[in-house]
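Numbering starts at 1 and runs along the sequence shown. Worth knowing before you read on, the calculation uses all heavy atoms, side chains too, and leaves out hydrogens, waters and symmetry mates. One-based numbering, in listed order, for ligands and for the atoms of each.
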Amino acid sequence: MRVDVIGGGPAGLYFAILIKQSHPGTAVNVVERNRADDTFGFGIVLSDETLANLRRADETSYREIAANFAYWDDIYTHYRGRVLKSSGHGFSGIRRLTLLQILQRRAADLGVRVRYQTEDPGVAAHGEADLIVGVDGISSRVRETLAAHFKPTTETRSNRFVWLGAKTTLPGFTYSFRENEHGIWNLHAYMYTQGECTLVVETTDEAFKASGLGVEDEAATAAYVAKVFGEELNGAPVLTNRSFWRQFPVVRCAAWHHDNVVLLGDAAHTAHWSIGSGTKLALEDAIALHGAVTRHPRDPRAALEAYEGERRAEADRITHSANTSLVFFENVRRFWHMEPIQFNFALMSRSKQVTYENLRKRDATVIEDVDRWWARQVAEAERLRLPADFVAPPPMFSPLTLRGMTVMNRVVVSPMCQYCAEDGTPTDWHFVHYGSRAVGGAGLMFTEMTCVAPDARISPGCTGMYKPEHLAAWQRIVQFVHVHSDCRIGLQIGHSGRKGSTQLGWEEMDQPLAKGNWPIVAPSPLPYYPEVSQVPREMTRQDMDRVRDQHVAAARMGIECGFDMLELHMAHGYLLASFLSPITNRRRDEYGGSLENRLRFPLEVFDACRRIWPAAKPMSVRISATDWIPGGNTAEDAVEIARAFRALGCDLIDVSSGQTDPASRPVYGRMYQATFAEQIRNEVGIATMAVGAITTADQVNTLVASGRADLCALARPHLADPYFTLHAAAQYQAMGYALQGVAWPKQYWSGRDQLYTLERRAREEAEQKLGQVKPPKPDVAIAQRAA
Ligand SMILES: Cc1cc2nc3c(=O)[nH]c(=O)nc-3n(C[C@H](O)[C@H](O)[C@H](O)COP(=O)(O)OP(=O)(O)OC[C@H]3O[C@@H](n4cnc5c(N)ncnc54)[C@H](O)[C@@H]3O)c2cc1C
Ligand SMILES: Cc1cc2nc3c(=O)[nH]c(=O)nc-3n(C[C@H](O)[C@H](O)[C@H](O)COP(=O)(O)O)c2cc1C
C-alpha cells in the first residue's frame, strides 16, 4: 500500500507515524513546503484528555512530548483591577516547534519519507497512491481543488487577533482584559516551557482600526501589546514571529472525503484557538483515521467512509464549543458591566462545556465564591436579610421578583400545548397535567399557548380563552396551583396566524387538517408549506382591531382566573411572530418593511393588554430571537425588538428561536438558544428567560449565575419528570446544601425524606469509589521534571 500525506504539520506527521508503525510495509510519503525547523507561532496547549489519547496511540512519541511540556493547573483572570484564580484545569503547553521536531524524528525513525521544502504539485500528481491525505492546513489547496466534492464554506469572524511571544514566567494560564481609548483588549497567555510564553491578543475590528496598528506592522504591535499588558508580562518585551493581525476563518466542509482523498485537521474544519483545541482536533483526527484504515486495510474508500461516519459527531461537538467560545471574546463589551466574580464565571462557562458543576469538580472554592456573591446580589435585589453565617444555595434556588410577583426559584415549566382541549376548554387532563407540574417544585409555570378565538387556534385540540367554559376550567386550575403549591402560573395567549387550522402535535404537525379547516389570516398571504398549506388571507386594519381586542378580552379573562403573569406568544411563526419577521411579513403599508413597521401591530397588541393587565403583575413576550434564515430576523433585530417591548412595560423576554418558516435551519446543541437570552439581557438590560435544550439543574445554575438569563424554562424535561426541581433539590441537599426556594407538598414529605436518604447514600458510595479509583492523571512526574 502507498499512502501520500500532503502537509507535514502535527496531523500529517502524526498520521504518518501511526500508519507506518502499524503497517511497516506501507510506503508513507509526506510532502511539506517548510523547512523541518520552520514554525510560525510559539506554543500550543493540550489537555489531559488529549495527552491520554496520544499515550494510547503511540507511547514513544507521547513520552517525549510529555517530557517537554509545561504543565499547569491554574487559570488567572485579570479584570478591572482584580485577579481571580481558579485551579484544577489540567493543561500542558509545548513549543510548537518542539512538538513538530519530536514528530519529525519519530517519523524518520519509523521510515516515513518526509520531503521538506517541497511544494506539493497537486492531488492529481498522487495518482499512484492508494490513499491521499490532505492535511495542508487552514488554506488547504487539496480542499479547494476538490471543492465541488468537499463543499467547503469559510466564515470570517469579526475580531482581530495576533500570535506573539514573551520571555517571562507566568503563574498559570492567564487571561487579561484591559480597556483603553481604542477599546477592550483580550490577552490569552500561557507558558509552553519555563520562562517562555505564547500570547494571543485579540480585540474587535473597530478597536484594532482605532489603534492605528498596521496588519503586518510587527514592531508597532509588539510595542503596543507590551504597553497594554506590561503588568501581566512583568515588563518583558513582546516577541514576534510573522505576527500579523488576522481574523479567524471558521472552515466547514460538507464532506471530508472523496474517492481515496481525505481531509484532516485544519484543512477539514477549524476550531477557534480560544478553547485550545485546533491541534487536539488535528491529532485526534489522525488517530481516528488510522483506526478506520486499520479496520479496512484493503479498502481505503470504505475506511474513509467509516472515518467520516465516526468522527463527525465528535469534531462537530468540539467546533461547536469553539464557535460558542469565540462569541464570548467577540462580545466582551456585553459582559463589561459585570462584577469580577460573575465575569470570571461567564468567561469560564463561555463554551458551555465547562459548567457550574464541572467547575466545582475542578475548584470548589470558585463555586463557593459564585454562590456567596450571587446570594448577596439576590438578597440586595429582593431586600432579604442574610444571617452572618449564611450558606449560599446554588443560584437556581434563589427568588426573583418581577413587579409584585415573586417566584421562589429560577426553574420554569415552559408553555406546552397538550392538543386535547374540547372546543377550547381545558379538560381533566389539563387539570392533572398542570397540577402535577405545579407541585413538582418549579418556581413558575406557563400555560400552553391559549388561543384568543376559535379561528386563532393552532389545532382543534388547543385551549382557548374566549368562552365562559374556558374561564371556569382555567380558574379551577389556577386555584389548585395557588392553594396547593408555591408555584406561580402565567397565562400564555396567542393567535396561530398562518400556522392555524393544523393537525395535533402527534399527527402531522403544521399540516392542514384532513377536513374541517377554518379560514386563516396572516400579515401576508404566504402559505407555510407552499404545496399543502392553506393560503392565509392578508389582514386588513379591521382584522387587526379584532385580533387586538381578542387578545385584550382573553387577558381580561386571565385576570378573572387569577393568573399571576401574562405572556404574549410572538414566536415560532404564529400570527404576531409573522408580523415581526421579514420572511413572513411582506406588507407594503405601515405594518411591513422596516423593523419599526413590523413591530407596530405586535406593540399595539402588547400595549392594549398592558393597559388592562394589573400593574402589580408582570408581562412577558416570547420571541424567536433569530429566524435561522438568511434575510430573516437576527439576534441584533431581537435586541431592538426587546428594547421596544421594554419601553412599553414588558418585564421579561422569553427567548426562543426559529420555527418561522420551513426554511429555518437552527444550529442545535445544549442550551443552544441561551446565547440570545444572554445578548438581550446584557445589551437591553431586561430580564430574560432562556429556553431550549436546558436539561439539568447544573445548566440552570450555569446560565443564571453567569448572567445569561434570569429564568430557565424547561419544556420536554418537565414532560418526562414533573418533579424536576424537587429531584434537583434532593441532589443538592445530599451535597450538604440547606435549601430554601423549593417546597415539597406536605403530603409527600415522607417520600422527600426517603429520597434525601437515598441521594445521600448514593453520593457517599460514589465518593468512596472515587477515593479507591483515582482518575487518570497525565504523567505529572515527567512534567515536573521538565518544569
Ligand atoms: C493564534 C493561534 C493559536 C493557536 N493555539 C492553539 C493551541 O493553543 N492549541 C491547539 O491545539 N491549537 C492551537 N492552534 C491551532 C493549531 O495551530 C492548528 O489547529 C493545528 O496546527 C492544525 O494542524 P494541521 O496539521 O491540521 O495543520 P497545520 O499545522 O497548519 O499544518 C499544515 C502543514 O501543511 C503544509 N502545507 C500546506 N500547503 C502545502 C503545500 N501546498 N505543499 C506542501 N506543504 C503544505 C504547511 O506548511 C503546514 O506545515 C492555534 C492557532 C492559532 C492561529
Ligand atoms: C409538546 C410541546 C408543546 C409545545 N407547545 C408550546 C406552546 O404552546 N407555546 C410555546 O411558546 N412553546 C411551545 N413549545 C415549545 C417549548 O415551550 C420549548 O420552547 C421547546 O420545547 C424547547 O424547550 P425544551 O428543549 O426544554 O423542550 C412546545 C414544546 C413541546 C415539546
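For atom 21 (O) of ligand 2, the closest heavy atom belonging to the protein is A715 CB, 3.5 Å. Closest protein heavy atom to atom 30 (C) of ligand 2: M416 CG, 3.8 Å.
Using a 4.0 Å cut-off to heavy atoms of V135, the atoms of ligand 1 that qualify are 32 (C), 33 (C), 34 (O). Proximity to A282 (heavy-atom distance under 4.0 Å) selects the following atoms of ligand 1: 22 (C), 23 (O), 26 (O). Numbered from 1 in the order shown, with element, the atoms of ligand 2 that lie under 4.0 Å from a heavy atom of G692 read 22 (C), 23 (O), 25 (O). Those atoms of ligand 2 that come under 4.0 Å of a heavy atom in S414, given as number and element, are 16 (C), 17 (O), 18 (C), 19 (O).
Close to ligand 1: F161, with a non-hydrogen atom less than 4.0 angstrom away. Under a 4.0 angstrom heavy-atom cut-off, T118 registers as being in contact with ligand 1. Residue A693 places a heavy atom under 4.0 Å from ligand 2. Heavy atoms of H718 come nearer than 4.0 angstrom to ligand 2 in no pair at all. Ligand 1 lies out of reach of A267, whose nearest heavy atom is not under 4.0 Å from it.
When only modelled atom types and interatomic distance are considered, N53 and E284 share a side-chain donor-acceptor pair under 3.5 Å.
Although no hydrogens or angles enter the test, the distance criterion places a donor-acceptor pair under 3.5 Å between the side chain of S47 and the main chain of T50.
An N or O contact shorter than 3.5 Å is missing between P717 and ligand 2 by distance. Polar contact with ligand 1: present for N34 (N/O pair, distance under 3.5 Å). For the pair V691 and ligand 2, the shortest N or O to N or O distance does not fall below 3.5 Å. Of the polar atoms of P415, at least one N or O is found under 3.5 Å from an N or O of ligand 2, judged by distance alone. Checked by distance only, ligand 2 and H569 come closer than 3.5 Å through their nitrogen or oxygen atoms. Between I694 and ligand 2, a contact under 3.5 Å exists for no N or O pair. Close N/O approach between Q492 and ligand 2 is found [any backbone or side-chain N/O within under 3.5 Å]. Residue L714 has no nitrogen or oxygen atom sitting less than 3.5 Å from a nitrogen or oxygen atom of ligand 2, judged on distance alone.
Here atom 40 (C) of ligand 1 lies nearest to E119 when heavy atoms of R35, E119, R141 are compared. In this comparison of S140, G9, G137, the heavy atom closest to atom 27 (O) of ligand 1 sits on G137. Residue nearest to atom 15 (C) of ligand 2, selected from M449, R622, M671: R622 (by heavy-atom distance). Which of L199, I44, D285 comes nearest to atom 6 (C) of ligand 1 through a heavy atom is settled by distance: it is I44.
A salt bridge between K280 and E49 is present, with a side-chain N of the basic residue lying under 4.0 Å from a carboxylate O of the acidic one.
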TODO: Dump the intermediate steps for ring pair (Phe, Tyr, Trp, His ring centres under 6.0 Å) on Y190 and F91, then the final yes or no.
DONE: CA-CA 10 Å; Y190 52 90; F91 274 104; 8.9 Å; no

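Of the heavy atoms in F42, none comes closer than 4.0 Å to ligand 1. Under 4.0 angstrom from ligand 1, there are no non-hydrogen atoms of L281. Counting heavy atoms under 4.0 Å from ligand 1, residue K280 touches it through the backbone alone.
Ring orientation note: the planes of W256 and Y307 are tilted relative to one another, at an angle of 30° to 60°. Under the 30°/60° scheme for interplanar angles, the aromatic rings of F161 and H272 are found to stand perpendicular. Aromatic ring pairs are classed by plane angle as parallel below 30°, tilted from 30° to 60° and perpendicular above 60°; the pair F329 and H188 is tilted. Ring-plane geometry between H572 and H569 is classed as perpendicular, the angle between the planes exceeding 60 degrees on a 0 to 90 degree scale with a lower cut at 30. Relative ring orientation between W429 and H433 is described as parallel, the plane-to-plane angle staying below 30° on a 0-90° scale split at 30° and 60°.
Atom OG of S501 is separated from atom CD of Q511 by 12.0 Å, given to the nearest 0.5 angstrom.
Here the rule is side chain to side chain donor-acceptor pair (under 3.5 Å) with S414, and of R622, H718, Q492, R716 only R622 fits it.
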